Amino acid sequence: MVKKKTILDLEEMKKKGEKATWITAYDFPMASFAEQAGLDMILVGDSLGMVVLGYKGTVPVTMDDCISHCQAVRRGAPNTFVVGDMPFGSYQVSDEDAVVNACRFLKEADMDAIKLEGGRRVISKIKAISDAGIVVFGHIGLTPQSSGQQGGFKAQGRDVGSARELIVDAIQIQEAGARALLLEAVPPELTEFIAKKLSIPVYSIGAGLPCDGQLMICGDMLGMFQAFTPKFVKKYASVAEVITNAFKEYVDDVKNERFPEDKHVYHAKDSMEDFEKMFKEFE
Ligand code: KIV
């Protein structure tokens with residue numbers, strides 16, 4: 001059995017230049033596949049709103065949704081470093097709210113860390129949660145919870161002015177006590193600069209190669225999420241196609257009485273004669 005990683009292992013990996021592998025999962029089977037495949041980390045992202053619950057975005061996802069999915073993931077991956085994603089509304093209102101909700105991820109779902117979105121405007125929350133003794137991951141660049149303000153799911157930091165803002169955010173996130181930072185949909189040149197500038201691990205989703213590890217959304221990389229596919233996704237499988245074809249084959253088998261076959265049924269232990277006698281009692 002592989003030893004579960006800690007934040008110290010992740011920091012050590014950055015020092016050694018060893019890339020960390022990170023995937024989202026939202027339920028027991030996906031989490032257990034991730035653990036069997038040897039992923040370093042799992043994120044129970046609020047992307048579950050889109051990938052699993054069928055919402056158009058992440059905003060409707062609740063704390064209770066997140067806790068329930070984190071619990072299932074922990075059951076599926078007991079030996080993997082799992083990060084719980086704080087949903088919209090769970091940390092924006094006050095530092096106190098942020099700490100209370102972050103604590104729920106640890107107390108109720110045994111998470112190793114929490115992640116929240118935003119730069120300078122959530123600094124007091126990052127500080128309050130890490131002062132409570134919780135490992136915090138920051139997340140800047142494209143931030144899906146505030147994609148309305150960003151004009152949609154759009155790459156960020158592509159000009160010098162906005163890149164500078166992201167660098168200031170990244171530095172302040174580290175100073176506030178975050179132990180890792182996720183960059184989403186920013187140019188690799190900016191990613192490289194931030195990853196070198198910060199001493200904490202810097203991970204990418206759609207932010208290129210030059211950093212400390214990569215995150216992918218399982219629904220995207222497995223070809224399960226069909227609404228849209230971001231440019232930064234590499235598709236490793238076509239699971240939606242496999243499942244749909246299996247369902248079609250099943251429908252065809254049932255309609256044409258090819259399923260169930262003899263090998264799929266439980267035959268009676270008593271003789272047919274005995275059964276027929278018993279059936280007669282009901283006639
Ligand atoms: O919820 C999530 O999966 C995320 C990724 C988009 C980074 O936060």
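Every number for a ligand or one of its atoms is a count from 1 in the order of the listing. What you see is a predicted model, and the numbers here were worked out from it, not measured in a lab.
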Any donor and acceptor pair, going by atom type alone, linking the side chain of [X] with main-chain N or O of [Y] inside 3.5 Å?
| X | Y | answer |
| --- | --- | --- |
| Thr244 | Ala240 | yes |
| Gln172 | Asp169 | no |
| Asp40 | Trp22 | no |

For ligand 1, which atoms sit closer than 4.0 Å to a heavy atom of [X]?
| X | answer |
| --- | --- |
| Gly45 | 1 (O), 2 (C), 3 (O) |
| Leu215 | 7 (C) |
| Ile217 | 3 (O), 6 (C) |
| His139 | 7 (C), 8 (O) |

Less than 4.0 angstrom from a charged side-chain N to a carboxylate O is my criterion; do [X] and [Y] meet it?
| X | Y | answer |
| --- | --- | --- |
| Asp97 | Lys125 | no |
| Lys127 | Glu175 | no |
| Lys269 | Asp274 | no |
| Lys234 | Asp220 | no |
| Arg104 | Asp64 | yes |

Any nitrogen or oxygen of [X] lying under 3.5 Å from a nitrogen or oxygen in ligand 1? Just yes or no.
| X | result |
| --- | --- |
| Glu117 | no |
| Tyr26 | no |
| Thr24 | no |
| Asp85 | yes |

For [atom], which protein heavy atom lies nearest, and how many Å away is it?
| atom | value |
| --- | --- |
| atom 6 (C) of ligand 1 | Glu184 OE1, 3.5 Å |
| atom 3 (O) of ligand 1 | Ser47 OG, 2.5 Å |
| atom 8 (O) of ligand 1 | Lys115 NZ, 2.8 Å |
| atom 7 (C) of ligand 1 | Leu182 CD2, 3.4 Å |

Distance, nearest 0.5 Å, that separates CE of Met272 from CZ of Phe279: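 So the gap between those two atoms works out to 5.0 Å.
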For ligand 1, the portion of Thr58 having any non-hydrogen atom under 4.0 Å away: neither
Part of Leu43 with heavy atoms under 4.0 Å of ligand 1, whether side chain, backbone, both or neither: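 The answer is the side chain.
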